[in-house]
Amino acid sequence: MVGGTIVETKNQKEGTRIEVLQKPLDSQGRPLMTDETGGRFIVHVAQFLDAAIYHRGRSVTVIAEVAGVEVHPLGEIEYGYPALSARDVHLWSPYQGPRFSFGIGVYRGF
């Protein structure tokens, strides 16, 4: 299980290719909002995923198998992306900050 922030999504004949900037995951598997990263990776998904929904900046967590390494241009360099074959993809709702709840209670000590 790995996750991060979507950099780019491309639809192809054989499915969808998602480039992800890896981020550490919290205890629920959600990518953390941090500058810490392990680099980039590519996820291949067998079905069509709409790039308007799986767009740049969205958080995603995938359960996948390593399929190899793909070399693609990244700026002016050739970058070796770990390539993953997705078994499951979870797109997270946009983060809306911490949630607080307040309540009024009565304590009755015995």
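From a predicted model like this one, the values you see are computed outputs, not experimental measurements. We number each residue from 1, following the sequence as shown.
Listed by first and then second residue, the ring pair (Phe, Tyr, Trp, His ring centres under 6.0 Å) pairs that reach into residues 55-74 are His72-Tyr81, sequence neighbours excluded. Applying the salt bridge (Lys or Arg N to Asp or Glu O under 4.0 Å) test to every pair with at least one member in residues 67-78, sequence neighbours left out, gives no pairs at all. Within the structure, the salt bridge (Lys or Arg N to Asp or Glu O under 4.0 Å) test picks out no pair touching residues 42-56 (sequence neighbours left out). Applying the salt bridge (Lys or Arg N to Asp or Glu O under 4.0 Å) test to residues at least two apart or on different chains, the pairs with a partner in residues 33-43 are Glu19-Arg40.
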Output a table of donor-acceptor pairs, distance under 3.5 Å, between side-chain atoms of residues 1-12 and any protein atom two or more places apart or on a different chain; print 'none' if there are none.
residue, atom, partner, partner atom, Å
Thr9, OG1, Tyr54, O, 2.5
Asn11, OD1, Thr16, OG1, 2.9

Show which side-chain atoms of residues 85-92 pair as donor or acceptor with protein atoms under 3.5 Å away, not counting sequence neighbours.
residue, atom, partner, partner atom, Å
Arg87, NE, Glu65, OE2, 3.2
Arg87, NH2, Glu65, OE2, 3.1
Trp92, NE1, Thr61, OG1, 2.8

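Take Gln28 and apply the side chain to side chain contact (heavy atoms under 4.5 Å, CB included) test, not counting sequence neighbours, and it matches Asp26.
Both Ile77 and Ile42 belong to a common hydrophobic cluster when Ile, Leu, Val, Met, Phe, Trp and Tyr are linked at side-chain heavy-atom distances under 4.5 angstrom. At a threshold of 4.5 Å between side-chain heavy atoms, the hydrophobic network of Ile, Leu, Val, Met, Phe, Trp and Tyr places Tyr79 and Phe41 in two separate groups. Criterion: ILVMFWY side-chain heavy atoms under 4.5 Å apart, direct or through other members. Under it, Leu84 and Val69 are not part of a common hydrophobic cluster. Under the 4.5 Å side-chain heavy-atom criterion for ILVMFWY residues, a single connected hydrophobic cluster contains both Leu49 and Val20. Under a hydrophobic clustering in which Ile, Leu, Val, Met, Phe, Trp and Tyr are joined whenever their side-chain heavy atoms come within less than 4.5 Å, directly or via other members, Val43 and Ile53 fall into the same cluster.
Side-chain atoms of Lys23 never come within 3.5 Å of backbone atoms of Met33 as a donor-acceptor pair (strictly under, hydrogens ignored).
The minimum heavy-atom distance between Arg58 and Pro94, with the atom names listed, is NH2-CD, 4.1 Å.
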